[in-house]
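Presented below is the structure to which this report refers.
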Amino acid sequence: MDLSGLNGPQREAVLHDGGPLVVFAGAGSGKTRVITMRIARLVAEQGVAPWRILAVTFTNKAAGEMRERLEHLVPGGAKGLQVGTFHSTCARLLRLNAEAAGVKKDFVIYDDQDQQAMVKRVMGDLNLDPKQLPPKQIAGAINRAKQEMTSPEEMATEGDPYREMVRRIYTLYEERMGKAGALDFGDLIYRFVRALEKNEELRQHLAGRFLHQLVDEFQDTNHAQLRLVRALASVHRNLVVVGDDDQSIYRWRGADRRNILDFRGAYPDARVVKLEQNYRSTQRILRVAHSVISKNHDREPKELWTENPEGDKVLVVRCEDERDEARMVVRGVQELQNKGASLAEVAVFYRTHAQSRVLEEGLRQANLPYRIVGGVRFYDRAEVKDLLAYLRVIQNPGDDISLMRVVNVPARGIGKTTLTRLLEDAARTGSSVWDAIDENAGSGPARKLAQFKEMMERLRSSAKTLPLEDLPGMVLDESGYLEMLRADDSPEADARRENLQELVGSIQQFAEEHDEPTLASFLEDVTLASVADEQSDGAKVTLMTVHAAKGLEFDTVMVTGLEERMFPMRGTDPAEDPEEMEEERRLAYVAFTRARQRLILSYASVRHIYGQVRPGDPSRFVLDVPREDAVWIGVEPRRSGMASARPYRPDPWDRPSLPARGGRGGWGIRSGRDDDAYDEPARDHADFGGADDAWQPGGKPKSARGRDEAESYVDYSEGSDMGGFAPGMRVRHPKFGVGEVRRVEQGMVPKADVIFPGWGKKTLAIQYLTPA
DNA sequence: CAGAGTGCCCTTTTT
DNA sequence: GGGCACTCTG
């Protein structure tokens, strides 16, 4: 194996003989490379059978990449290798050892929504008011208990009535989940670890099988996951954990940095390797990132360094409001594009999904292709979940939550009263809803229930012989679901049909890719798919939350919304846990270190939240940027207008003598070596964006009054030019052909409702329309 | 019983 | 600004 491309510490980790090893791998330090080369070496040179190696990651995508790289290094070597996420690994091992673990072999996996529905139902049975005790909160408490490996019986309540109540719900919840043959996300780890710890034979068997174990992103493991890792390493102790405590960003779902920081405590003989050479970013970016993270306490001491060039200064841009910020993003992307950069190499980050909307609008207006990672996930869409629910009932009729979801979709005349009675019957007799249907003979609605059940029985028996890929089509037909969508001529129904088609397509793909495709394995795959697994395709700007960005890298990174209480979102109040702020700081660190070449930070003086105006102070993470490492654009006292929103507050970096008005417009993103470009910032915002409203199509520039007033955003919605479009007009669209305008809608993005023969009504931005 | 309409809460972040 | 649960009406 050729190790010549590795640096010293990397080589040390790859060649480490056996026993426990912890690798502190800084951002961009070649971590994945080390893991894959280590596995490759084990297989190719140490003769370890691939099936005796377990590699655990946090996303399916990371697992897939690892597999792919390994296949490249050792052709055929990845075959049999156990690579997966914590959840998928446990799901598989649970299914293989269902009996020993005390779970049903054909269990279904409940996602958060299903889990909450179950909690709600249990609370209903206990006569508890969901308004006083939000099911979501209870579900959170149950999840936390499972992360801590705490059963309902073990739950300490100390007489506290609230916790007593949680425990009661938790107890009944567990009972119902068992009856339904369902496991929630937390169960996958919790049940399996329980089994390993209680069943010595099982532990010996599985821990004996895995000669080597490698765990990625170890800083994000929770307590249950730690117990899992330790149990599986208990026989051979060949355990390698890799991670970076500075990139631990999942505290809110139980991640505990102590797991990596205290690894040496758990394994006193552990070797420690630190990867501190960065191969990704410029020196400048690393310096700026370090200035943010170094303020945290209780870190493993380390500092990234690089042989890469110094690099451009970071850009800090102050914007009026979020729309202004969107415009600044658009300008920046266009400028990069003009310089020949690929849009696939540009990413825009934000703290919460809600911030994406305005950015999207801006990019769409400017005709810039983009993709959003996360947000409303494909598998979370109602129609997709409906079809999946049908499939789950086919697999497991005891799955009450799925059954209740679809029993009256499409409408079958089974109403609320009927369903309430059904649920009560099931609760009383301790049976599943499916079985309770039989008890309900006689009345009118009962007939309809019986018909539903007959239909499902038919589908169930068909499913036994039918190839997996033919099943969804049959379900859609027999259930009347497709008919329901056909009868609906709204554009939404079209979109739903397309989504279902996509789902059917993914089932077909799944069937092709697997030797023995089963319904159970497909459903498991789908439920455990993660945001990060979404495909990247084509030259598009990527929009995502910082959380979703972990593990990725781009030439250009724009971090938006850098305002106090936005990013950092939590921990700004001294009453809060200081750990909150430290996590926000890590999040900023993760964001900054995604950038290879260029880092652009922006914040808005004013932001609209829930439709309300909220003034924003620049984030402390922006203030941490060393002054000389950035160009500060638009950062100066405002001339007027702000007083009404809040008292004027000077920016800490306000420079009394800014250079005279704008040497260069635009961003000064350099293609050549013009070193001074960045040191001559445009004096104010009006300059760097160019005079006109770049992403207002056919619209007029902002009014003269707007620029210095906090309320200037109002201008966008006033009197926009409809480009001559009016109801009754015939127009042409590149995709839908010729149609008739029904309604026009003024606004920042002028739109029109158009009826297209064969497509139905579509609401479209007028820029895509031409008179026909 | 179904569909339309209204008020409420909301927001981290996700396997 | 939006999604969702609940209420009102046909």
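Computed from a prediction, not measured in an experiment: that's the story for all the values here. Values below: all heavy atoms of this structure, side chains included; hydrogens, waters and symmetry mates excluded. By convention in this document, chain letters (A, B, ...) are assigned in the order of the sequence lines, proteins followed by strands, and residues within each chain are numbered from 1.
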Taking [atom1] from [X] and [atom2] from [N], how many angstroms apart are they, rounded to a whole number?
X	N	atom1	atom2	answer
A:E217	B:dT15	CD	P	12 Å
A:I249	B:dT15	CD1	C1'	13 Å
A:K136	B:dT14	NZ	C1'	12 Å
A:R421	B:dC1	CZ	P	9 Å
A:Q219	B:dT15	CD	P	15 Å
A:N60	B:dT15	CG	C1'	9 Å
A:Y190	B:dT15	OH	C1'	18 Å
A:Q225	B:dT14	CD	C1'	12 Å

- prompt: Is the Lys NZ or Arg CZ of A:R95 less than 6.0 Å from the centre of A:F107's six-membered ring, within 45° of the axis?
  reply: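 That pair qualifies as a cation-pi contact.
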field: C:dC4 and B:dT13, which share atom name P, separated by this distance in whole Å
entry: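 B:dT13 and C:dC4 have their P atoms separated by 14 Å.
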Examine [N]: is either OP1 or OP2 under 4.0 Å from a nitrogen or oxygen in the side chain of [X]? Give yes or no.
X	N	result
A:H353	B:dT14	yes
A:T418	B:dC1	yes
A:T527	B:dT15	no

task: Scan A:R357 against the nucleic acid and name what it touches under 4.0 Å (heavy atoms): base, sugar-phosphate only, or nothing.
output: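 Sugar-phosphate contact only.
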task: For A:D111, report the nucleic acid contact type (base, sugar-phosphate, nothing); a contact means any heavy atom under 4.0 Å.
output: nothing
- prompt: Would you say the side-chain atoms of A:E524 and A:S521 include a donor-acceptor pair closer than 3.5 Å?
  reply: no
field: Polar side chain donor-acceptor pair, A:D184 to A:Y173, under 3.5 angstrom
entry: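 Indeed, the side chains of A:D184 and A:Y173 share at least one donor-acceptor pair under 3.5 Å.
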field: Nearest to side-chain heavy atoms of A:D112, which nucleotide of B:dT14, B:dC1, B:dT12
entry: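 Nearest to the side chain of A:D112 among the choices is B:dT14.
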- prompt: Which one, B:dT12, B:dT11, B:dT14, comes nearest to the side chain of A:R351?
  reply: B:dT12
field: Under 5.5 Å and under 30°: A:F58 stacked on B:dT15
entry: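 Answer is no, no stack.
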task: For A:E583 and for A:N408, find the nucleotide of DNA chain B with the closest heavy atom, then tell me which residue's nucleotide is more 5'.
output: A:N408
message: Here's a test of your reading of the structure: between A:T545 and A:A411, which maps to the more 5' nucleotide of DNA chain B?
response: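 Here A:A411 is the residue nearer the 5' end.
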- request: Go through the N and O atoms of the side chain of A:W252 and the base of B:dT13, and report whether any donor-acceptor pair is under 3.5 Å.
  value: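 Such a pair exists between side chain and base.
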task: Just jot down the salt bridge (charged side-chain N to carboxylate O under 4.0 Å, His left out) partners of A:E580, sequence neighbours excluded, or say none.
output: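 Expected list: A:R251, A:R570.
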- prompt: Does a side-chain N-to-carboxylate-O contact under 4.0 Å join A:R327 and A:E320?
  reply: no
